Protein chains: 2
Amino acid sequence: MTYSEENYLKIIYHLSVVSKADISTNAIAHEMQTKASSVTDMLKKLAEKELVSYQKYQGVSLTQKGFFAAKMIVRKHRLWEVFLVEKLNFTWDEVHEIAEELEHIQSDKLINKLDEFLDFPSKDPHGDPIPDRNGNLPKVEKQLLSELAINKTGICVGVKDSSTSFLQYLDKQKIALGTQIKVIEKESFDNSLTIEINGNKLLITNKIAGNLFVKTI
Amino acid sequence: MTYSEENYLKIIYHLSVVSKADISTNAIAHEMQTKASSVTDMLKKLAEKELVSYQKYQGVSLTQKGFFAAKMIVRKHRLWEVFLVEKLNFTWDEVHEIAEELEHIQSDKLINKLDEFLDFPSKDPHGDPIPDRNGNLPKVEKQLLSELAINKTGICVGVKDSSTSFLQYLDKQKIALGTQIKVIEKESFDNSLTIEINGNKLLITNKIAGNLFVKTI
DNA sequence: ATTAATTTTTAGACAAAACTAAAAATATAT
DNA sequence: ATATATTTTTAGTTTTGTCTAAAAATTAAT
């Protein structure tokens with residue numbers, strides 16, 4: 001598989017996790033930051049290789065083969081992220097771009113030895129689950145902070161958006177994986193929330209709350 | 001720089017270390033396992049970027065800029081090899097191919113943090129020196145075993161050929177970096193050598209002796 | 001010093017992955 | 001139901017790095 005094919009497969013996988021329905025050409029083009037016509041070309045190539053099932057004008061879905069391949073790319077990405085943070089002391093907002101490159105390194109033996117070296121982690125630095133060598137994904141129980149009821153407390157277990165800017169915002173507000181967050185108040189006009197962290201109150205927008213995963217306790 | 005440009009630069013660097021004179025198109029084609037016409041195309045591109053100085057029909061040499069860039073690629077390659085052997089327990093004959101991919105990962109921060117994680121090694125698993133972040137190469141004092149005089153003893157400090165088959169031959173004969181080797185006899189007809197390792201005598205061909213570096217003691 | 005052999009370069013093509021512009025299919029709105 | 005808007009596909013280019021075949025330059029040989 002080429003570098004580009006792997007990137008498409010990964011994008012289709014991520015879109016599939018969210019949507020269930022077939023993935024549209026435009027949705028892929030948007031994620032890949034490319035043009036719809038380029039996507040069409042690539043979908044034909046992936047269909048030819050039986051990595052996706054594709055019907056003209058009807059979008060795509062991953063085949064079993066494509067699904068497994070995508071999970072292996074995600075596995076590599078997330079394991080490298082763990083390596084970068086745990087072993088090389090990168091911060092969680094620095095690792096995504098580097099892992100985007102490292103995920104394309106071929107060797108299965110490498111990734112399995114890396115997995116062992118890292119002591120078989122089940123989650124990456126952003127709380128996302130890491131598929132094992134057979135493609136099994138640990139099921140992570142979580143909900144968006146924006147969906148948490150008033151007076152309920154959750155533990156931060158992941159982020160939906162793992163962009164540098166969002167992660168740095170969280171750092172600034174002293175929100176990390178494992179942090180306890182209690183919902184104090186919800187403003188119905190703009191859906192902003194007042195939350196309590198370590199005894200301090202903090203006002204956050206709905207956009208922030210919609211990108212933070214918590215687990216209720 | 002593209003993946004392919006980096007590979008050309010690295011090959012030109014390796015040929016330069018050996019030959020001093022300008023590097024011929026054919027020599028590069030042979031190393032790259034490609035055609036001379038492809039090499040010509042690439043040399044024009046590298047010259048355009050001022051990474052090599054190139055005169056039609058006269059071969060190429062690296063510019064200062066190209067020399068530094070090449071050393072950074074070699075640095076990455078060798079540091080990753082150390083990582084694979086020291087941290088992931090790969091054997092020295094398995095790491096070259098994987099490092100060929102890893103050497104193209106971009107981030108400077110990554111490679112400097114890796115360097116630190118590995119405790120700033122000066123040599124890779126095959127005894128080759130690792131350039132530091134400024135491009136300085138530790139000078140390694142060594143000579144080929146084939147050039148060692150009779151009755152002299154040397155310590156194995158490196159290999160010229162780091163192919164899997166040669167390294168596995170050395171493993172089979174219990175020759176590793178640090179092994180003491182004494183030259184007992186040289187057969188002038190075929191230039192084969194009788195050597196002594198750990199008290200045992202061993203007959204090796206000139207080809208073997210011509211690919212093993214030793215340091216006299 | 002010519003001729004022959006080798007090396008190197010040019011010219012033209014091709015595959016991968018992207019693009020633009022236009023056509024076709026699907027979805028939406030009145 | 002028909003017109004309009006949107007989405008998707010096709011057709012034709014472009015760029016990167018490769019190739020083959022032929023031409024040009026260099027090197028070797030008599």
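It should be emphasised that the depicted structure is a prediction, and the values quoted were computed from it without experimental measurement. Side-chain atoms are counted along with the backbone in the values below, which use heavy atoms only and exclude waters and symmetry mates. Throughout, a chain's letter reflects where its sequence line sits, starting with A, and its residues are numbered from 1.
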K.L.:
Across the strands shown, which category fits B:Ser38 at heavy-atom distances under 4.0 angstrom: base, sugar-phosphate, nothing?
P.N.:
base

K.L.:
In whole angstrom, give the distance that lies between atom CE of A:Met1 and atom P of C:dA16.
P.N.:
15 Å

K.L.:
Just to confirm, is there a sub-4.0 Å distance from OP1 or OP2 of C:dT26 to any side-chain nitrogen or oxygen of A:Gln58?
P.N.:
yes

K.L.:
Quick check for you: among C:dT9, C:dA18, D:dG17, whose closest atom lies nearest to any side-chain atom of B:Met42?
P.N.:
D:dG17

K.L.:
Using a heavy-atom cut-off of 4.0 Å across all strands, would you classify A:Thr34 as base, sugar-phosphate, or nothing?
P.N.:
sugar-phosphate

K.L.:
With nearest nucleotide decided by heavy atoms, which residue, A:Ser37 or B:Ser37, maps closer to the 5′ end of DNA chain D?
P.N.:
A:Ser37

K.L.:
Using a heavy-atom cut-off of under 4.0 Å over every strand shown, decide if B:Thr25 touches base, sugar-phosphate, or nothing.
P.N.:
sugar-phosphate

K.L.:
Can you tell which of C:dT8, D:dT20, D:dT18 lies closest to the side chain of B:Ser24?
P.N.:
C:dT8

K.L.:
Please tell me if A:Tyr8 has a side-chain N or O lying less than 4.0 Å from either OP1 or OP2 of C:dA18.
P.N.:
yes

K.L.:
Classify A:Tyr3 by what it touches in the nucleic acid, base, sugar-phosphate, or nothing, heavy-atom distance under 4.0 Å.
P.N.:
nothing

K.L.:
Identify the residue among B:Arg75, B:Arg78, B:Lys109, B:Lys76 that makes a salt bridge (Lys or Arg N to Asp or Glu O under 4.0 Å) with B:Asp115.
P.N.:
B:Arg75

K.L.:
Take the protein atom OH of A:Tyr57 and the nucleotide atom P of D:dT6, then report the distance between them rounded to whole Å.
P.N.:
17 Å

K.L.:
So do A:Ser146 and A:Asn191 actually touch side chain to side chain, heavy atoms under 4.5 Å?
P.N.:
no

K.L.:
Examine C:dT9: is either OP1 or OP2 under 4.0 Å from a nitrogen or oxygen in the side chain of B:Tyr54? Give yes or no.
P.N.:
yes

K.L.:
Can you measure A:Asp41 atom CG to C:dT20 atom C1' for me and round it to whole angstrom units?
P.N.:
12 Å

K.L.:
What is the distance from CG of B:Asn26 to C1' of D:dT26, rounded to the nearest Å?
P.N.:
12 Å

K.L.:
Considering only D:dC19, D:dT9, C:dA17, which nucleotide approaches the side chain of B:Lys35 most closely?
P.N.:
D:dC19

K.L.:
Just checking, any donor-acceptor pair under 3.5 angstrom between side chains of A:Asp161 and A:Ser163?
P.N.:
yes

K.L.:
Does the side chain of B:Ser61 come under 3.5 Å of the side chain of B:Ser53 through a donor N or O and an acceptor N or O?
P.N.:
yes

K.L.:
Determine: side-chain N/O of B:Lys44 to OP1/OP2 of C:dT9, distance under 4.0 Å, yes or no.
P.N.:
no

K.L.:
Respond yes when some side-chain nitrogen or oxygen of B:Lys56 is under 4.0 Å from OP1 or OP2 of C:dT10, and no when none is.
P.N.:
yes

